[in-house]
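For the numbers below, each heavy atom of this structure counts, side chains included, while hydrogens, waters and symmetry mates do not.
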Amino acid sequence: METTKLMVNRKRLLDTINVSSSIGALENGGLNRLALTEEDKKMRNIFVKWLQEEKLNVRVDDLGNIYGRRKGKFNDSPAVAIGSHLDTQPCGGRFDGILGVLTALEVVRTLNENNIETDYPIEIVNFTNEEGARFEPPMLGSGGVAGEFTKDFIYNTKDIENISFQEALKKIQYMGDEKHRLRDIKYFIELHVEQGPILEKNNKLIGIVEGIQGISWLNVKVVGETNHAGPTPMEDRKDALAPSAKMVTKVYEITNEIEGMKTTVGKLNVKPNITNVIPGEVEFMIDVRHKDDEIRAGTIDRLREQLGTIAVMNNVEVTISTDWNSDAVLFSSEVMDAISEAAGVLGYSTLRLFSGPGHDAKYISKMADTGMIFLPSINGISHNEKELTLEDDIEKGANVLLNTILKLARAQ
């Protein structure tokens, strides 16, 4: 049998996606399926049932990650893992990482119905709390498995209602055993929607992800002096907001000078935030991203220097601290080549690109040779009910995933 041209069952895959799309459904077609909620539990139960129907060895670890293992000819060999996450944002889309889990399931279904044996075992994975919408930071499930976060840190993380990760995990009855964690794997492949416009703009079907950009979150605190807006002359003010505005403008000026740099000021707090009171304190966050860690670090140095200069010139104080830092990750050339070969055999166009957002693959890359497959996002929209990846593109992505797995798991 010529396994390099094996195809998934389109109808079955789309039917599976439709079932997922009904759990936590919103009026405008999106999903609200936060990690470790009742909606997440319902989706998990159905997913486990699907894994069991395929005669997989199903297990759950102490972080709630779910695995379905398909035996290989050499069953004690390292496995090929495929998957992503099933949780969403509060007003998220139907596709996101969900496609990564459900296309992985379809790959195994296709292998089973065609009686294809692989040398290496295959593990389907659903990671817990990738989004970080309920428990921050994101990617706690994969980060815990990869040793990025300790178990105590994860368990003690709390949501806005002061419910801990551990409490929520117990409530939905998905607290498994640490011995069930993903450990001995040779490769990890994650299929995901691009969450950006690059594939669509370039009219390409398949994104071969070269790596994930490094990210830094800078907290900028500007302190002036609160005073009454009426009697205080303009020349005597220490208004914290006016120089903060100049700082935000400077952030984007610097960004535009550096190829590939992305910065976002998406959070700002003004104190006391009253119409007739001069702001005495402003705090804002800068999200800084680039695929080259040295360029990102150099940009941060420039930001510190120039925002500091603005503070001095405006008679206010500024403190800049790093709240979070995550270095860039480069994916396996072997896996990228396997994805490219699979797409080529199927006649699908490809484009190599970097991911802006973080994904579970970022942490799992510490454990195995890793790669990602991106599918086009219409208008680049994601984390939004309008998120859309076309059915034809989903089918093509699943076919690429299938044929990549056939190569890496050594199909018989």
Legend entry - Gap separating the CG atom of Leu51 from the CD1 atom of Ile66, nearest 0.5 angstrom: 7.5 Å

Legend entry - Check: Thr232 main-chain N/O paired with Arg237 side-chain donor or acceptor under 3.5 Å: yes

Inset, instruction - Assess whether side chain to side chain contact (heavy atoms under 4.5 Å, CB included) is satisfied between Leu388 and Ile381, documenting all intermediate values. - result: CA-CA 7 Å; Leu388 177 62; Ile381 295 174; over 6 Å; no

Inset, instruction - Sequence neighbours left out, what passes side chain to side chain donor-acceptor pair (under 3.5 Å) with Asp61? Give chain and number order. - result: Asn65, Tyr67

Inset, instruction - Would you confirm whether His85, through its side chain, and Phe127, through its main-chain N or O, come within 3.5 Å as a donor-acceptor pair? - result: no

Inset, instruction - Establish, from distance only, whether the side-chain atoms of Ser377 and Glu194 form a donor-acceptor pair under 3.5 Å. - result: no

Legend entry - Residue pairs involving residues 365-374 (criterion salt bridge (charged side-chain N to carboxylate O under 4.0 Å, His left out); sequence neighbours excluded): Glu148-Lys366

Inset, instruction - Measure across Ala133 and Leu34 and return the closest heavy-atom pair with its distance rounded to 0.1 Å. - result: CB-CD2, 3.7 Å

Legend entry - Atom CD of Glu27 with >12 non-hydrogen neighbours under 6.0 angstrom: no

Legend entry - Side chains of Asn45 and Tyr174, donor plus acceptor under 3.5 Å: yes

Inset, instruction - Please round to the nearest 0.5 Å and tell me the distance separating atom OG of Ser77 and atom NZ of Lys186. - result: 9.0 Å

Legend entry - Minimal non-hydrogen separation, Ile320 against Leu303, with atom names: CD1-O, 4.3 Å

Inset, instruction - Please step through side chain to side chain contact (heavy atoms under 4.5 Å, CB included) for the pair Arg33 and Leu86, ending with a clear verdict. - result: CA-CA 8 Å; Arg33 199 158 69 209; Leu86 293 169; 4.3 Å; yes

Inset, instruction - For Lys171, look at atom NZ and say whether over 12 heavy atoms of other residues, nucleotides or ligands are found less than 6.0 Å away. - result: no

Legend entry - NZ-CD distance between Lys407 and Glu341, expressed to the nearest 0.5 angstrom: 4.0 Å

Legend entry - Residues in salt bridge (Lys or Arg N to Asp or Glu O under 4.0 Å) contact with Glu253, at least two apart in sequence or another chain: Lys250

Legend entry - Stepwise side chain to side chain contact (heavy atoms under 4.5 Å, CB included) check, Leu140 with Tyr155: CA-CA 10 Å; Leu140 287 177; Tyr155 274 9; over 6 Å; no

Legend entry - Minimum heavy-atom distance between Arg304 and Thr322, given as atom pair plus value: NH2-OG1, 3.2 Å

Inset, instruction - Give a yes or no on whether the backbone of Gly144 and the side-chain of Arg181 come within a donor-acceptor separation of less than 3.5 Å. - result: yes

Legend entry - Shortest non-hydrogen contact between Ile98 and Gly93, atoms and distance: CD1-O, 4.3 Å

Inset, instruction - Could you tell me whether a side-chain N or O of Thr249 sits under 3.5 Å from a main-chain N or O of Ala245, the two making a donor and an acceptor? - result: yes

Legend entry - Residues Glu38, Lys42: salt bridge by 4.0 Å N-O rule: no

Inset, instruction - State, to 0.1 Å, how close Ala229 and Ile278 come at their nearest heavy-atom pair, and which atoms those are. - result: CA-CG1, 4.1 Å

Inset, instruction - Would you indicate whether the side-chain heavy atoms of Asp87 and Leu36 approach each other to under 4.5 Å? - result: no

Inset, instruction - For atom CG of Asp76, decide whether the heavy atoms of other residues, nucleotides or ligands shown that lie under 6.0 angstrom number more than 12. - result: no

Inset, instruction - Please check if any side-chain donor atom of Thr37 sits under 3.5 Å from a side-chain acceptor atom of Glu39, or the reverse. - result: yes

Legend entry - Student check: side-chain heavy atoms of Ile189 and Leu408 closer than 4.5 Å: yes

Inset, instruction - List the steps and the verdict of side chain to side chain contact (heavy atoms under 4.5 Å, CB included) for Phe331 and Met372. - result: CA-CA 8 Å; Phe331 288 150; Met372 290 190 72; 3.5 Å; yes

Legend entry - Side-chain donor/acceptor of Thr118 to backbone N/O of Ala411, under 3.5 Å: no

Inset, instruction - For Trp50, enumerate each residue passing the ring-ring contact (aromatic ring centres under 6.0 Å, His included) test, keeping only those at least two apart in sequence or located in another chain. - result: none

Legend entry - Main-chain N/O of Ala361 paired to Glu190 side chain as donor or acceptor, under 3.5 Å: yes

Inset, instruction - Using the test side chain to side chain donor-acceptor pair (under 3.5 Å), find all partners of Lys11 that sit at least two apart in sequence or belong to another chain. - result: Asp15

Inset, instruction - Working to the nearest 0.5 Å, report the span between CG of Leu169 and CD1 of Ile163. - result: 13.0 Å

Legend entry - CG on Leu13 to OG1 on Thr103, rounded to 0.5 Å: 7.0 Å

Inset, instruction - Give a yes-or-no answer on whether the side chains of Asn219 and Glu283 include a donor-acceptor pair shorter than 3.5 Å. - result: yes

Donor-acceptor contacts, no H, no angles, side chain residues 309-319, under 3.5 Å, sequence neighbours left out:
residue: Thr309; atom: OG1; partner: Glu305; partner atom: O; Å: 3.0
residue: Asn314; atom: OD1; partner: Lys246; partner atom: NZ; Å: 3.1
residue: Asn314; atom: ND2; partner: Ile310; partner atom: O; Å: 2.7

Legend entry - Side-chain donor-acceptor contact under 3.5 Å, Ser216 with Asn325: yes

Legend entry - Distance, nearest 0.5 Å, that separates CG of Asn126 from OG of Ser142: 11.0 Å

Inset, instruction - Decide, yes or no, whether a salt bridge links Arg352 with Asp337 under the criterion of side-chain N to carboxylate O below 4.0 Å. - result: yes

Inset, instruction - Check whether any side-chain N or O of Glu387 sits under 3.5 Å from a backbone N or O of Phe95 as a donor-acceptor pair, and report yes or no. - result: yes

Inset, instruction - For atom CD of Glu136, decide whether the heavy atoms of other residues, nucleotides or ligands shown that lie under 6.0 angstrom number more than 12. - result: no

Inset, instruction - Could you tell me whether the side chain of Thr128 and the main chain of Gly64 form a donor-acceptor pair under 3.5 Å? - result: yes

Inset, instruction - Quick one: list whatever passes ring-ring contact (aromatic ring centres under 6.0 Å, His included) with His359, sequence neighbours left out. - result: His192, Phe374

Legend entry - Test item: side-chain donor near acceptor, His290 and Asp292, under 3.5 Å: no

Legend entry - More than 12 heavy atoms from other groups under 6.0 Å of NZ on Lys41: yes

Inset, instruction - Could you pull out all residues at least two apart from Phe149 that satisfy ring-ring contact (aromatic ring centres under 6.0 Å, His included)? - result: Phe153, Tyr363

Inset, instruction - State which residues pass salt bridge (Lys or Arg N to Asp or Glu O under 4.0 Å) with Arg94; sequence neighbours excluded, sorted by chain then number. - result: none

Legend entry - Under-4.0 Å salt bridge between Arg70 and Glu54: no

Just list the side-chain donor-acceptor pairs under 3.5 Å for residues 258-276, sequence neighbours left out, or say none.
residue: Thr263; atom: OG1; partner: Thr255; partner atom: OG1; Å: 2.6

In a table with atom names and distances, give each donor-acceptor pair under 3.5 Å that connects a side chain of residues 199-212 to protein atoms at least two apart or in another chain.
residue: Glu200; atom: OE1; partner: Asn379; partner atom: N; Å: 2.7
residue: Asn202; atom: ND2; partner: Ile198; partner atom: O; Å: 2.8

Legend entry - Nearest non-hydrogen partners of Val400 and Tyr348, listed with the distance: CG2-CD1, 3.5 Å

Inset, instruction - List for me each residue that meets side chain to side chain contact (heavy atoms under 4.5 Å, CB included) alongside Arg69, sequence neighbours excluded, and say none if there are none. - result: Asn57, Arg59, Asn75, Ala79, Pro121, Glu123

